[in-house]
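What's counted below: heavy atoms across the whole structure, side chains too, no hydrogens, waters or symmetry copies. Computed from a predicted model, the values in this text were never measured in an experiment. In what follows, every chain begins at residue 1, and chains take the letters A, B, ... in the order their sequences are listed.
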Amino acid sequence: MADVPEKFLKPYDPKATEGAIYKQWEESGYFNPDKLPPLPDGTPRTEPFSIVLPPPNVTGTLHMGSALMLAIEDTVVRYKRMRGFKTLWIPGTDSAAIATQARVEKDIQKAEGKSRHDLGRDELLKRIDAFVEANKNTMIGQMRAMGSSLDWSRYAYTMDAPRYAAVMEAFVRMYNAGLIYRANRIVNWDPKGQTTISDDEIVHEERQAKLVTFKYSKDFPVAVATTRLETKVGDTAVAVHPDDVRYKEFVGKEYDAIFCGVPLHIKIIADESVDPAFGTGALGVTPAHSHTDWDIADRHNIAARPQVINEFAKMTVDGPLNGKKVAEAREIVLEWLKSEDLFVKEESTLQNVSTAERTGGIIEPLPKLQWWIDVDRPIAERSNKSLKELMRDAVASKQVTFVSERYERVYYNWIDNLRPWCISRQIWFGHRIPVWYKDGETKLSVESPGAGWEQDQDVLDTWFSSGLWTFSTLGWPAQTADLKTYHPTALLETGYDILFFWVARMILMSTFLLGEVPFKQVYLHGLVRDQKGQKISKSLGNNIDPVDMADKYGMDAVRVALIAGMAPGTDSKVSEDKIRGYKHFANKLWNMARFVLSQEKSGELMPEIVKEFDTLATEVTQHIEDYRIDMAIEKVYHYVWDRFAAQIIEESKGKPEYGATLYYLLENSLKLLHPFVPFVTEEIWQSMGKNGLIMVEAWPTRQSS
RNA sequence: GCGCGGUUAGCUCAGUUGGUAGAGCACCCCGUUUACACCGGGAUGGUCGCAGGUUCGAGUCCUGCACCGCGCACCA
């Protein structure tokens, strides 16, 4: 009998193992591709494989969603490293401007009873920096605990100096190309967050609403229906469908009325966008407080667009509505209509209310002077294509492919409906817009142009800087060696919920600024839900902390529980039971190693068994190449447990001629398993008297990718 | 309104180019004959949402329908 290391006499203990193993990996320097040695057989690493980590928000701690992301990416990265690629996985964290500022403001309000205005811009930013610094370290610790083989020497933060420089450069180039402009347009105003937000940050909620039919005045010929009576004091037109015979005779006529104390001048117009079947078939046009009405006003050259609601969702008109909140004003108008005998009827209707994703505030569309990105303007240096076309072409030309093809259609659908992107935010934390004003003059400049110049107060949408992530992390705008080697990145792996926010914006930024795609393939994972299929949220209290689970069952078990049974792009479920189940697998491996190590390495390799293993290795490899890592782990799991352990080991008992074959199977199984369960495989590998780390061993198949 | 998923064992889900229905968990029975009780052996359990069609053959392809979920737009 061979000597078995003493530690194998006890069950596998992940807690005693994982920290030390991670330290060894990190100290080896092999997370950094510059320090990565050739494969053990001397094959040099020539082909790069790069991924950027979707930077988690610094506000949070790691949840199961981030754990899934880290598990998937680490599995792919470890596989590619063993396949001989010059493998780079770049870590980072995201400033998440609005979310972070809101969080810190809330903390300060609670602890000191002060608002951001009490502190002032500089002080608030200092407090945020301190908060970010503290949180950052917690999150990095959690990523390490996951076993993530990230190259920490290239760590990036969206608000650090190199990224700041990239954001400024991007703004300047886009401004000079005429893609960024400042204009007074309807924005999505969040009265709760006191800022504009982009179309993608809106969540529609279905609610019951009162649809009221009324007339502006006794002699007004057409009744209109609305759910927002209070905005009617801002109406300047009534639109009907051009083919609607009921109203044809009135089109082009203009009327005056005093509506709830406010003088109105209303023109009746015909517009295709009106649905004759809805309400009375006549639409009161309120250009200042509705996107569609603004567009209708544009089409009919209606200049009058009075704003009647302010940033605090209060009425700004004279008369009885003055200063009232919108909900209150709505009731006042209704009473007034009834008293004036202008009320026709009231019915209940289902309405989609726009709310802000972050704050839950009801969006108030307002005209505001804001910064925008023009997605339709032809760009001379990009063959006169617009940003929209560049985004579309990147996917249509297959330069970017989706692992789940169905997301291509979702992506196109989004592009087709895309409006100008509002990129300015009325908060303090973020990249400040590099535009300066003095005496009516405007100047684009990163630094102050001199005395008397005042910088724009707004900061950029956080997704503006995130859009640069694949290349800002590689040193752009400098033409670094990293940028040449690793861009476009090979794979972008992230949740499908940020397809528009992030994936599309990265394609936009990269195709314009670099003239190339940011990544070749997109792998979208689904949401992690609890065992009942519910979304994991604080209010439900159903969050399972991955680090807690790792304390109980080992991180390898957490990783497998997340990956097994998860199809790309589909929501998956995770439960403590599932994690516990996979803890048994790590222990099984441990005991298999104990048995094999107790045998002599005698006899010849048994060709049938080796051939069977090679077939398995080929199949597993193919699954990983197809990014079906869920199928890969299940296949190797079953081979190892049901075939290798249950049958081959059992048959081998008392038969020394199996020795060499058992060692062959154990070593190669460990390699196949390493990307999925890195800790236990590394621990066993090193206990077998091997030189070096299994992390940089060669993948056990000769199949090319 | 436009679009995308899903519907397979009690539960959660696989099922890759059409070829006799699979796994894990749960449940039930047996087992401590030394790698492992964090285990081993065994059993039960499905007319694959419904209706048509193509085919020698359909969970898989086509058409229609139902229900569940999601995205986008509209919502006056």
Side-chain angles (χ1 to χ4, degrees), chain A residues 4 8-9 11-13 199-200 202-204 206-207 209 211-213 224-229 231-232 235 238-240 271 273-275 278-286 289-293 296 349-354 404-419 496-497 499-500 526-527 529-533 553-554 557 560-561 564-567 569-575 577-578 580-599 619 622-623 626 628 630-631 634-635 637-638 641-642 645-646 649-650 652-653 662 666:
Chain A
V4 181
F8 281 101
L9 298 178
Y12 174 58
D13 180 5
D199 293 343
D200 300 287
I202 289 177
V203 181
H204 295 284
E206 215 165 60
R207 290 184 193 175
L211 182 69
V212 176
T213 305
V224 301
T226 183
T227 55
R228 295 213 55 191
L229 271 179
T231 66
K232 297 297 103 181
D235 283 11
V238 164
V240 298
D271 194 276
S273 69
V274 178
D275 174 7
F278 190 94
T280 61
L283 156 67
V285 178
T286 324
H289 297 288
S290 155
H291 281 102
T292 46
D293 293 7
I296 290 172
T349 185
L350 262 188
Q351 184 192 29
N352 271 338
V353 178
S354 303
S404 305
E405 276 176 41
R406 62 189 154 104
Y407 285 107
E408 287 180 17
R409 266 163 295 186
V410 180
Y411 174 82
Y412 290 140
N413 187 255
W414 179 79
I415 292 178
D416 292 342
N417 289 312
L418 198 57
R419 292 187 294 192
Y496 67 69
D497 52 331
L499 173 59
F500 308 139
L527 300 175
R529 296 170 180 276
D530 70 5
Q531 63 265 51
K532 290 180 198 148
Y553 306 111
V560 179
M566 164 234 46
T570 307
D571 294 349
S572 56
K573 301 187 171 90
V574 74
S575 64
D577 281 345
K578 193 173 179 186
R580 190 186 299 118
Y582 285 110
K583 182 199 176 182
H584 300 169
F585 182 60
N587 194 56
K588 185 77 179 175
L589 282 175
W590 189 252
N591 285 306
M592 289 168 71
R594 182 205 298 188
F595 178 81
V596 173
L597 291 176
S598 74
Q599 306 299 115
E619 288 170 1
Q622 192 53 53
H623 283 315
D626 297 339
R628 289 305 304 262
D630 53 318
M631 287 164 87
E634 279 174 41
K635 191 150 252 167
Y637 176 96
H638 289 120
W641 200 308
D642 300 329
I649 285 183
E650 289 306 320
S652 77
K653 286 179 180 171
L662 291 179
L666 179 62

Report which part of the nucleic acid [X] touches: base, sugar-phosphate, or nothing (heavy-atom distance under 4.0 Å, all strands).
X      : value
A/D293 : nothing
A/H638 : sugar-phosphate
A/V285 : nothing
A/Y553 : nothing
A/T280 : nothing
A/I649 : base
A/E634 : nothing
A/A209 : nothing

### Query
Can you name the residues that form a ring-ring contact (aromatic ring centres under 6.0 Å, His included) with A/W590, not counting sequence neighbours?
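Once residues adjacent in sequence are excluded, the partners of A/W590 under the ring-ring contact (aromatic ring centres under 6.0 Å, His included) criterion are A/F8, A/Y12.
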Please write out the pairs of protein N or O atoms and N or O atoms of nucleotides 38-45 of chain B separated by less than 3.5 Å, giving the distance to one decimal.
{"unit_1": "B/C38", "atom_1": "O4'", "unit_2": "A/H584", "atom_2": "NE2", "d": "3.3"}
{"unit_1": "B/C38", "atom_1": "O2'", "unit_2": "A/N587", "atom_2": "ND2", "d": "3.2"}
{"unit_1": "B/C39", "atom_1": "OP1", "unit_2": "A/H584", "atom_2": "ND1", "d": "2.9"}
{"unit_1": "B/C39", "atom_1": "O3'", "unit_2": "A/K588", "atom_2": "NZ", "d": "3.3"}
{"unit_1": "B/G40", "atom_1": "OP1", "unit_2": "A/K588", "atom_2": "NZ", "d": "3.2"}
{"unit_1": "B/G40", "atom_1": "OP1", "unit_2": "A/W641", "atom_2": "NE1", "d": "2.2"}

### Query
List RNA chain B stems (3 or more consecutive Watson-Crick/G-U pairs, under 3.5 Å)?
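B:1-7 with B:66-72, B:10-13 with B:22-25, B:28-31 with B:39-42, B:49-53 with B:61-65 - these are the stems of 3 or more pairs that involve RNA chain B.
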### Message
I'd like to check the side chain to side chain contact (heavy atoms under 4.5 Å, CB included) partners of A/T213; sequence neighbours left out, ordered by chain and number.
### Response
A/A223, A/A225, A/T280, A/V344, A/K345, A/E347
### Summary
Those residues at least two apart in sequence (or on a different chain) that pass side chain to side chain contact (heavy atoms under 4.5 Å, CB included) with A/A645 are A/K588, A/M592
Where do N or O atoms of nucleotides 1-8 of chain B meet protein N or O atoms at under 3.5 Å, pair by pair?
none

